[in-house]
Enquirer: 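This is the structure I want to talk about, given as structure tokens.
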Amino acid sequence: MSASRPRHPDQLLELAPVGVHHADLTGTCTWVNDRWSAITGIPREEACGRPWVDAVGSADRDRVLAQWLETVARGLEFVCDVRVRGAHGREVEATVRSVPVHDARGAITGHVAAVTELPDRRHDRMRRLIVENLTDVVLFFDMRRELLYATPSFETLTGRRPEDAVWHVHEALGVHPDDAPRMRSLWAGLWESEGYLGAEFRIVLPDGMERWCTSAGAPVLDREGRQVGVQIRHADVTGRKHIEERVRQSEERARSIVATTSDAFVATDSDGLVMEWNRAAESLFGWEPEEAVGMPFVDLALGVDDGVRVAAAMSRYRDDGDRDDLVAGAEVRARRRDGGDFIAEMTLWPIGSGRGCSFNAFVTDITERKQRERAVEHLAFHDGLTDLPNRAHFEDRVDAELANVDAGGRATAAGLLFLDIDRFKDVNDTMGHAAGDELLRQVADRLRGGARSHDVVARLAGDEFVVLLTDLPRSGAVEVAERFAERVQAALAAPFDLGGSQFSTTASIGVAVYPEHASDARSLLKAADTSMYASKRAGAGRVSVPGTRADAA
């Protein structure tokens with residue numbers, strides 16, 4: 001049976017604040033009012049002859065059509081929230097309420113529907129999402145101090161469900177007994193219009209664990225300014241408190257180390273003025289903390305040259321961020337209050353940058369260490385009996401001196417005297433090794449005393465000594481070396497006192513000159529050694545030169 005055409009709507013439907021459409025049994029629109037067109041974005045002239053579900057958003061269209069067909073087939077009212085296309089392609093939410101139209105005999109001839117645009121609930125949904133995802137806890141209380149609302153994060157923070165908690169503020173949270181009096185006082189002030197900020201307290205979870213919170217509270221006022229309740233906000237700061245505690249413990253350990261370390265510790269501001277001066281610094285430099293604070297660190301602790309250098313490095317870092325010249329384990333010349341200086345090891349490092357930076361320094365007196373190092377180095381390169389340079393040291397000096405001879409075409413030469421003490425074995429055999437050692441020491445003293453300041457006297461082994469004559473004139477160098485050998489013989493001529501016994505001896509001496517007799521250090525030493533053996537074969541107290549034999553005077 002064909003649907004009967006409904007009567008033209010009256011003026012009331014034209015002016016209705018909701019969209020209205022008439023549809024036939026198939027759902028095709030036969031009439032719409034202006035509000036319907038405004039809501040759906042479909043002009044009136046285009047709406048008639050189209051299914052009303054064309055106004056529904058494409059994502060909902062098939063679902064809504066299926067529900068509508070099922071409902072109208074049963075002759076029932078159809079109600080559904082949908083998203084309609086809306087003007088300018090902007091979908092809006094609406095409620096469609098459709099009822100069947102009957103003729104006089106009760107047969108359904110069509111449908112009339114109201115389309116009501118719903119308020120924009122996007123902001124409501126966003127607010128709900130924000131509230132549901134808040135990590136902070138927000139509580140609202142009425143003026144009777146009963147809890148009206150708690151954000152879902154309440155259970156996460158306290159371990160308690162809001163509906164299971166007692167609705168008094170301190171009992172609802174499970175505040176730590178030690179913090180409860182203080183917080184109860186702050187919370188009580190809220191109902192007297194007294195807000196607060198940044199209060200920290202602990203809560204005790206049902207399992208006994210503790211959490212730290214920071215809290216802020218404010219009265220809630222109505223539009224007329226009358227207080228109608230209280231709002232309290234709590235944030236879980238347990239992680240931050242743990243970090244702060246670790247930092248505090250670390251700082252305490254650092255202060256303890258600084259206070260008890262044997263190294264001087266000094267902290268300065270960006271200008272190098274002392275801010276901290278530990279006991280070791282007081283002991284090392286002689287300035288009490290009260291005197292040192294506010295004074296330039298470099299003036300109190302460093303020698304002039306190192307003070308200028310370190311102050312310049314600090315300034316470059318402060319002004320330009322240049323840390324290349326900041327010292328790390330460097331040796332400096334430090335000074336005490338009484339003017340005495342000493343060798344120190346200093347490590348200086350910056351904290352922060354720019355004008356807000358500061359500097360820390362550890363300073364260690366290494367005078368004894370340097371003395372030990374020099375002693376060890378001295379032993380490594382000197383003879384333990386005579387304190388003369390040993391063979392290793394002597395060979396290094398020969399190489400260096402011959403390099404000087406060769407440098408720049410200088411008309412110089414170097415001479416080498418190789419000495420062997422005559423009758424030394426007789427001393428050891430008849431007077432003992434102690435007397436022999438004493439003879440070697442006295443020979444070393446006489447050789448050292450007769451040499452020039454830039455010559456090198458060394459003991460190679462046993463009773464063998466060498467004297468390196470440096471900076472000789474190239475012309476006549478052999479004669480100069482021979483004359484020095486004669487002076488050595490004269491110096492050894494006086495008797496030696498060996499524990500009350502007098503002993504006289506001479507030396508067999510070989511002389512060689514560089515570059516006349518040798519081309520390098522090794523050949524020079526060999527030439528002098530060969531000449532020395534020539535002297536021994538010729539008899540005690542002789543001086544020999546390669547290619548000749550000269551008798552001692």
Enquirer: Is the side chain of Arg211 donor-acceptor paired with the backbone N or O of Leu157 at a distance under 3.5 Å, no angle test?
Expert: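 Present.
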Enquirer: So do the side chains of Val310 and Phe359 get within less than 4.5 Å of each other, counting heavy atoms only?
Expert: no
Enquirer: To the nearest 0.5 Å, what is the distance between OG (Ser535) and CD1 (Ile509)?
Expert: 7.5 Å
Enquirer: Which heavy atom of Pro515 sits nearest to which heavy atom of Ala413, and what is that distance?
Expert: CD-CB, 4.3 Å
Enquirer: I'd like to know if the side chain of Arg459 reaches the main chain of Phe465, judged simply by a donor and an acceptor atom lying under 3.5 Å from each other, with no hydrogens or angles considered.
Expert: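 Looks like no, no N/O pair under 3.5 Å.
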Enquirer: Ignoring hydrogens, what is the shortest heavy-atom contact between Val220 and Val230? Give both atom names and the distance.
Expert: CG2-C, 3.7 Å
Enquirer: Could you tell me if the side chain of Ile232 sits less than 4.5 Å from the side chain of Ser215, heavy atoms only?
Expert: yes
Enquirer: Set out, in order, the CA-CA distance, both residues' side-chain angles and the distance that settles side chain to side chain donor-acceptor pair (under 3.5 Å) for Ser531 and Ser544, then state yes or no.
Expert: CA-CA 5 Å; Ser531 295; Ser544 296; over 6 Å; no
Enquirer: For the backbone of Val138 and the side chain of Thr151, can you confirm whether one donor and one acceptor N or O come within less than 3.5 Å of each other?
Expert: yes
Enquirer: Tell me if a side-chain donor or acceptor on Asp136 pairs with a main-chain N or O of Ser153 at a distance below 3.5 Å.
Expert: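 No; judged by distance alone, with no hydrogens or angles, the pair does not exist.
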Enquirer: State, yes or no, whether a side-chain contact exists between Glu291 and Leu300 at a heavy-atom distance under 4.5 Å.
Expert: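 No, side chains not in contact.
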Enquirer: Between Thr364 and Asp263, does the side chain to side chain donor-acceptor pair (under 3.5 Å) criterion hold? Intermediate values first, please.
Expert: CA-CA 5 Å; Thr364 306; Asp263 294 339; 3.0 Å; yes
Enquirer: State whether the side chain of Asn278 and the backbone N or O of Phe265 hold a donor-acceptor pair below 3.5 Å, judged by distance alone.
Expert: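 It does hold such a pair.
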Enquirer: Looking at Glu373 and Lys370, is there a salt bridge between them, counting it only when a charged N and a carboxylate O are closer than 4.0 Å?
Expert: yes
Enquirer: Sequence neighbours left out, what passes side-chain hydrogen bond (donor to acceptor under 3.5 Å, both in side chains) with Asp463? Give chain and number order.
Expert: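 Not a single residue meets the side-chain hydrogen bond (donor to acceptor under 3.5 Å, both in side chains) criterion with Asp463.
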Enquirer: Kindly give the heavy-atom pair with the smallest separation between Thr506 and Ala540, and that separation in Å.
Expert: OG1-CB, 3.8 Å
Enquirer: Using a 4.5 Å cut-off on heavy atoms from C-beta on, say whether the side chain of His393 contacts that of Arg397.
Expert: yes
Enquirer: Under the criterion side-chain contact (heavy atoms from CB on, under 4.5 Å), I'd like the reasoning laid out for Arg391 against Val466: C-alpha separation, chi angles, the key distance, then a yes or no.
Expert: CA-CA 9 Å; Arg391 189 182 194 98; Val466 289; over 6 Å; no
Enquirer: So which heavy atom on Tyr317 is nearest to which on Pro350, and how close?
Expert: CE2-CB, 3.3 Å
Enquirer: For Asp305, is the CG atom crowded, meaning more than 12 foreign heavy atoms sit under 6.0 Å from it?
Expert: no
Enquirer: Run Thr214 and Glu200 through side-chain contact (heavy atoms from CB on, under 4.5 Å) and show every step you take.
Expert: CA-CA 4 Å; Thr214 183; Glu200 293 187 349; 4.2 Å; yes
Enquirer: What are the two closest heavy atoms between Leu388 and Ala444, and how far apart are they?
Expert: CD1-CB, 3.5 Å
Enquirer: Check whether any side-chain N or O of Asp365 sits under 3.5 Å from a backbone N or O of Leu284 as a donor-acceptor pair, and report yes or no.
Expert: no
Enquirer: Output yes when a side-chain donor or acceptor of Ser283 lies under 3.5 Å from a complementary backbone atom of Arg279, and no otherwise.
Expert: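 Checking the backbone N and O of Arg279 against the side chain of Ser283, no donor-acceptor pair under 3.5 Å is found.
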Enquirer: Counting distance only, does the side-chain N/O of Asp322 pair as donor-acceptor with the main-chain N or O of Arg316 below 3.5 Å?
Expert: no
Enquirer: For Lys526, I'd like to know if atom NZ has over 12 heavy atoms of other residues, nucleotides or ligands within 6.0 Å.
Expert: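 Check fails, neighbour count at 12 or below.
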Enquirer: Does atom CD (Gln502) have a neighbourhood of more than 12 heavy atoms from anything else shown, all under 6.0 Å?
Expert: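 Atom CD in Gln502 is packed in, count exceeds 12.
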Enquirer: side-chain contact (heavy atoms from CB on, under 4.5 Å) for Val427 and Leu498? Distances and angles first, verdict last.
Expert: CA-CA 9 Å; Val427 176; Leu498 305 179; 4.0 Å; yes
Enquirer: Is there a donor-acceptor contact under 3.5 Å from the side chain of Thr505 to the main chain of Asp422?
Expert: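 The answer is yes, because a donor-acceptor pair under 3.5 Å joins these two groups.
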Enquirer: Please answer whether the main-chain N or O of Ala380 pairs with a side-chain N or O of Asn390 as donor and acceptor at a distance below 3.5 Å.
Expert: yes
Enquirer: So do Asp396 and Phe381 actually touch side chain to side chain, heavy atoms under 4.5 Å?
Expert: yes
Enquirer: Could you grab the distance from atom CG of Leu302 to atom CZ of Phe297, nearest 0.5 Å is fine?
Expert: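 Rounded to the nearest 0.5 Å, the CG-CZ separation comes out at 5.0 Å.
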Enquirer: Classify the angle between the aromatic ring planes of Phe201 and His234 as parallel (below 30°), tilted (30 to 60°) or perpendicular (above 60°).
Expert: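 Rings of Phe201 and His234: perpendicular, as their planes differ by over 60°.
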Enquirer: So do Asp383 and Leu440 actually touch side chain to side chain, heavy atoms under 4.5 Å?
Expert: no
Enquirer: Strictly by side-chain hydrogen bond (donor to acceptor under 3.5 Å, both in side chains), give each pair with a member in residues 423-434 just once, sequence neighbours left out.
Expert: Lys425-Asp429
Enquirer: In Å and rounded to the nearest 0.5 Å, what is the CG to CZ distance from Asp269 to Arg318?
Expert: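 So the gap between those two atoms works out to 9.0 Å.
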Enquirer: Check for me whether the distance between the ring centres of Trp277 and Phe285 falls short of 6.0 Å.
Expert: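 For Trp277 and Phe285, the ring centres are under 6.0 Å apart.
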Enquirer: Taking side-chain contact (heavy atoms from CB on, under 4.5 Å) as the criterion, tell me which of Leu416, Val511, Val478 meets it with His517.
Expert: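 Single side-chain contact (heavy atoms from CB on, under 4.5 Å) partner of His517 among Leu416, Val511, Val478: Val478.
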Enquirer: Using only heavy-atom distances, determine whether the side chains of Asp471 and Thr412 contain a donor-acceptor pair under 3.5 Å.
Expert: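 Per modelled atom types, Asp471 and Thr412 side chains form no pair under 3.5 Å.
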Enquirer: Please report the interatomic distance CG(Leu417) to CG(Leu469), rounded to the nearest 0.5 Å.
Expert: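 It comes to 5.5 Å.
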Enquirer: Show the nearest heavy-atom pair for residues Thr238 and Trp212, with the distance to one decimal.
Expert: OG1-N, 2.9 Å
Enquirer: Would you compute the distance between atom CG of Asp271 and atom OG of Ser315 and round it to the nearest 0.5 angstrom?
Expert: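 Rounded to the nearest 0.5 Å, the CG-OG separation comes to 8.0 Å.
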Enquirer: Hey, does Arg233 have a side-chain heavy atom less than 4.5 Å from the side chain of Val137?
Expert: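 Not in contact.
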Enquirer: OG/Ser523 to CG/Asp529 distance, rounded to the nearest 0.5 angstrom?
Expert: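 Going from OG on Ser523 over to CG on Asp529, the span is 12.5 Å.
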Enquirer: With sequence neighbours excluded, give me every salt bridge (charged side-chain N to carboxylate O under 4.0 Å, His left out) pair touching residues 440-452.
Expert: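 Those involving residues 440-452 are Glu438-Arg441, Asp445-Arg448, Arg452-Asp455.
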Enquirer: Does the side chain of Trp349 come within less than 4.5 Å of Phe362's, by heavy atoms?
Expert: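 Yes, at least one pair of side-chain atoms sits under 4.5 Å.
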Enquirer: Should Val398 and Leu525 be marked as a side-chain contact (heavy atoms from CB on, under 4.5 Å) after you check the CA-CA gap, both sets of side-chain angles, and the distance that decides it?
Expert: CA-CA 9 Å; Val398 172; Leu525 187 61; over 6 Å; no
